[in-house]
Peer 1: 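Sharing a structure here in structure tokens format.
Scope of the values below: all heavy atoms of this structure, side chains included, with no hydrogens, waters or symmetry mates. Residue numbering restarts at 1 for every chain, and letters A, B, ... go by the order of the sequence lines.
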Number of protein chains: 2
Amino acid sequence: MKNRSRKFSNVTIKDIAREAGVSYSTVSRVINNFEYIKPETRERVTDAMTELGYVANQHARRLVGGRSQVIGLLIHAFDSPYIGQIVQGIDEAVAEAEYDLMLYTTHRRKTRESTFVVSIARGLADGLLMVLPRDVDTYLDTLNQQGFPFVLIDYVATSNDVPAVSATNRQGAYDAAAHLIELGHRHIGFIAGDMVADSARERLQGYKDALVDNGISFESALVYEGDFFQSSGFAGADALLSLDAPPTAICASNDVMAFGAYEAVRSRGLRTPQDISIVGFDDIPQAAQVHPPLTTIRQPLQEMGRLATQMLLSWIEETVEEQLGYVQLPTELVARDSACSPTESVFYRS
Amino acid sequence: MKNRSRKFSNVTIKDIAREAGVSYSTVSRVINNFEYIKPETRERVTDAMTELGYVANQHARRLVGGRSQVIGLLIHAFDSPYIGQIVQGIDEAVAEAEYDLMLYTTHRRKTRESTFVVSIARGLADGLLMVLPRDVDTYLDTLNQQGFPFVLIDYVATSNDVPAVSATNRQGAYDAAAHLIELGHRHIGFIAGDMVADSARERLQGYKDALVDNGISFESALVYEGDFFQSSGFAGADALLSLDAPPTAICASNDVMAFGAYEAVRSRGLRTPQDISIVGFDDIPQAAQVHPPLTTIRQPLQEMGRLATQMLLSWIEETVEEQLGYVQLPTELVARDSACSPTESVFYRS
DNA sequence: TGTGTTGTTACAAACGTTTGCAAAAACCTG
DNA sequence: CAGGTTTTTGCAAACGTTTGTAACAACACA
């Protein structure tokens, strides 16, 4: 009970001070690379450090007011490759800057999100990254008021002064639909994502805009509201193909739902793209690897994570003066094999 | 410069002591649920806490010797769904226990692994989880000697007293090969994983054992050494199919390489499973979603993460007396559509 | 030799908690 | 109401750092 958490050796600054025959403040200054240290002293200290295997206690450091070199990352869950890609970008940037990453998952429970935000802001982290945040309004003020550094990822900001990174969702969906229209499709279905997400709404809007711009009237019957998961892609495509006048092409709001649509098409004995063209969104790694390779809108996911991290770090380290703002990274159409001209189709409803 | 990191309000235990008209130690006791607190006092304190929005400073807590409620997780990278699944299991168990998760990625650089291990052990975390660790011998002693809690995941222990969780890799591969043999295959290729990984070696062994047990002689020409990535699955299958006597079936050491093999088969104008049967390993979510759905060996990845976390927590919290050991979770054959009897094949080499 | 620099080091306070010890308050019991 | 418990509270020390202040050492200059 006495030495409960002191089971393992605990070399402190004082131990190495004793070993090197100097005061502990000198040791601290050696560690922090102060000028005005006699080279000989410095060497004695570093020698003692390696000898005793000294590792700084981060908690003590942070307590006196220093940085913890930790950044908090708040995500819903690990269930999608989409998140994985973003996290990979974040992780790289974080590692480069020699920070550590603290992971918080809400498991999609709303309450946890705001709870986390306050405790992170007061707790271990120097800054906070949030992917696809939900109740932003709940804590945005708190955060701003406390001056706590944060950057939102894939949050569609309404004003320009909230630090956030996202992709050109509207434009991306516009391009997807326009691509199909260009191929000759006039009757295009749309499988939306979870509409509480800003990006889902933006993508739907892009689809609508493309239709209108090309003189095609929007039909709400051709829109199925999914939730970004594969099963809803299946359900959506299935519903769309059951219509009296089914579409000849389908835009899915993300790749995973596009894969679900693949299944639905296959389950009806139809083929992609000959019978139904399908376009996804995201360009997750699997998009290139499924059969047929998926035509999709590439979102620079890793890049988004990376940029957000860099923005956050510049805020934390105050390396930059101007206020951080809202950045949109460009999407890009990646034409693979899942969409073709409807004229090529062996039209199954004669 | 003065209040550099004190930009945001910082309510301490003393502030709420003043507010509630008690001493700060009383506040601390309220926070830590001590008995012997007058209910009325307790209430005054909790009221003050909510009023002032108190959040405990974890660093100070940890400094006096308490737990940080943080567990460290060391992985290579985020690049595979395999890792994602394990992390999901870990994350769930960690969240349940109300711990936080600190993430360290080595990006496959060996040096970083041991560096991390020492700094984590001395730093923020109460315990350490490592997925697919490499140079375990380098730091196993240090860890043990310091009595620092840790559990390895997907590390094949040679002795039983190292706390580790893995799956029955040998048996799994054995089952995969046996399944193909049972279907009638006699000429079976094997795409191995990165042989520095214990699991890769175990799987190869299982394949060999199944062959021998069924009176089939092992041919090293039928083994291709891959690296667990998709491209090596492609290369492996391609090499195998280029042999003078190509196999009628291929066992891949993980699902991702099996997908690569799919591509190789397809690129030669052949079909899975009619021309070539393919079996994977892991049963990552995509395995059920590719076409054809992949016959594979299910590893309980989430379960492994979960169990390892629970073991670690029981060590940290000393809720269990006996020494933690090596646990192997059972694998299971999941027969889908990518393997069939070779007699059904339209045999392409007449 | 005294004085002024400049480089180098030590001491002490502070960060926000937890916790051992002791004192105070409240409650019994006779 | 004195004496003894038991409950409740406060004080002070400690955890391992960083950093302001001050002192000391070395050196140059006059």
Peer 1: Which pairs pass ring-ring contact (aromatic ring centres under 6.0 Å, His included) with one or both residues in residues 57-80 of chain A, sequence neighbours excluded?
Peer 2: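 Found A/H59-B/H59, A/F78-B/F78.
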
Peer 1: Specify the residues of residues 39-50 of chain A, ordered by number, for which at least one heavy atom lies under 4.0 angstrom from an atom of DNA chain D.
Peer 2: none

Peer 1: Please report the distance, rounded to the nearest Å, between NE2 in A/H59 and C1' in C/dT18.
Peer 2: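 Rounding to the nearest Å, NE2 of A/H59 and C1' of C/dT18 are 15 Å apart.
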
Peer 1: Just by distance, do the side chain of A/R306 and the backbone of A/E92 share a donor-acceptor pair under 3.5 Å?
Peer 2: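 Not a single qualifying donor-acceptor pair exists.
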
Peer 1: Per the side chain to side chain contact (heavy atoms under 4.5 Å, CB included) rule, which among B/I31, B/I37, B/V30 passes with B/V45?
Peer 2: B/V30

Peer 1: For residues A/F148 and A/D126, report the shortest heavy-atom separation together with the two atoms involved.
Peer 2: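 Heavy-atom minimum between the residues: CZ-C, 3.8 Å.
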
Peer 1: Heavy atom of residues 21-32 of chain B under 4.0 Å from DNA chain C: which residues?
Peer 2: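 Those residues whose heavy atoms fall under 4.0 Å from DNA chain C, taken from residues 21-32 of chain B in numerical order, are B/Y24, B/S25, B/S28, B/R29, B/N32.
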
Peer 1: Produce the list of close N/O pairs, under 3.5 Å, pairing protein atoms with atoms of nucleotides 23-26 of chain C; give distances to one decimal.
Peer 2:
none

Peer 1: Per the side chain to side chain contact (heavy atoms under 4.5 Å, CB included) rule, which among A/I75, A/V151, A/L74 passes with A/L129?
Peer 2: A/V151

Peer 1: Can you tell which of D/dA14, D/dT9, C/dT19 lies closest to the side chain of B/V64?
Peer 2: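 For the B/V64 side chain, the nearest candidate turns out to be D/dA14.
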
Peer 1: Hey, are B/Y54 and B/T12 close enough side-chain-wise for a donor-acceptor pair under 3.5 Å?
Peer 2: no

Peer 1: Give the rounded distance in Å between these two atoms: CD of A/Q69 and P of D/dT17.
Peer 2: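 Atom-to-atom, A/Q69 to D/dT17, this comes out as 16 Å.
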
Peer 1: Whole angstroms only, please: what is the CZ-P distance between B/R67 and C/dT18?
Peer 2: 14 Å

Peer 1: Under 3.5 Å, sequence neighbours excluded: what are the donor-acceptor pairs made by side chains of residues 133-140 of chain A?
Peer 2:
residue	atom	partner	partner atom	Å
A/T138	OG1	A/D135	O	2.6
A/Y139	OH	A/E113	OE2	2.6

Peer 1: Kindly state each residue pair satisfying salt bridge (Lys or Arg N to Asp or Glu O under 4.0 Å) with at least one member in residues 11-29 of chain A, sequence neighbours excluded.
Peer 2: A/D15-A/R18

Peer 1: Could you work out, with side-chain hydrogen bond (donor to acceptor under 3.5 Å, both in side chains) as the rule, every residue matching A/D194, not counting sequence neighbours?
Peer 2: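 None.
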
Peer 1: What are the two closest non-hydrogen atoms of B/S199 and B/L132, and how far apart are they?
Peer 2: OG-CD1, 4.4 Å

Peer 1: Using a cut-off of 6.0 Å, state whether more than 12 heavy atoms not belonging to B/E43 lie near its atom CD.
Peer 2: no

Peer 1: Roughly, in whole Å, what's the span from CG in B/L124 to P in D/dG16?
Peer 2: 15 Å

Peer 1: Measure across A/A77 and A/T105 and return the closest heavy-atom pair with its distance rounded to 0.1 Å.
Peer 2: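 Here A/A77 and A/T105 meet closest at CA-CG2, 4.3 Å.
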
Peer 1: From CD of B/Q58 over to C1' of D/dC15, roughly how many Å is that when rounded to an integer?
Peer 2: 15 Å

Peer 1: So what is the end-to-end bend of the helix from C/dT1-D/dA30 to C/dG30-D/dC1, with 5 pairs used at each end and the value given to 10 degrees?
Peer 2: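 Terminal axis comparison yields 50°.
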
Peer 1: Pairs in or reaching into residues 148-159 of chain A: which pass salt bridge (Lys or Arg N to Asp or Glu O under 4.0 Å), with residues at least two apart or in two chains?
Peer 2: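 For residues 148-159 of chain A, and leaving out neighbouring residues, there are no salt bridge (Lys or Arg N to Asp or Glu O under 4.0 Å) pairs at all.
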
Peer 1: Nearest-Å distance, CG (A/D15) to P (D/dG16)?
Peer 2: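 After rounding, the gap between these two atoms is 8 Å.
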
Peer 1: Which heavy-atom pair separates B/N32 from B/R61 by the least distance, and what is that distance?
Peer 2: OD1-NH2, 4.3 Å

Peer 1: Expressed in angstrom and rounded to an integer, what is the separation of B/L63 atom CG from D/dT18 atom P?
Peer 2: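 For the pair B/L63 CG and D/dT18 P, the rounded distance is 12 Å.
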
Peer 1: Which atoms of nucleotides 4-7 of chain C (N or O only) lie under 3.5 Å from a protein N or O atom, and what are those distances?
Peer 2:
residue	atom	partner	partner atom	Å
C/dG7	OP2	A/Y36	OH	2.5

Peer 1: Return the set of residues passing side-chain hydrogen bond (donor to acceptor under 3.5 Å, both in side chains) with B/S159 (not counting sequence neighbours), or none when no residue passes.
Peer 2: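 If we apply the side-chain hydrogen bond (donor to acceptor under 3.5 Å, both in side chains) test to B/S159, skipping adjacent residues, the hits are B/D161.
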
Peer 1: Distance check needed: C/dA14 C1' versus A/R61 CZ, whole Å only.
Peer 2: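 Interatomic distance, CZ of A/R61 to C1' of C/dA14: 17 Å.
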
Peer 1: Could you tell me which residues satisfy side-chain hydrogen bond (donor to acceptor under 3.5 Å, both in side chains) with A/S25, sequence neighbours excluded, listed by chain and number?
Peer 2: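 Only A/S23 meet the side-chain hydrogen bond (donor to acceptor under 3.5 Å, both in side chains) criterion with A/S25.
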
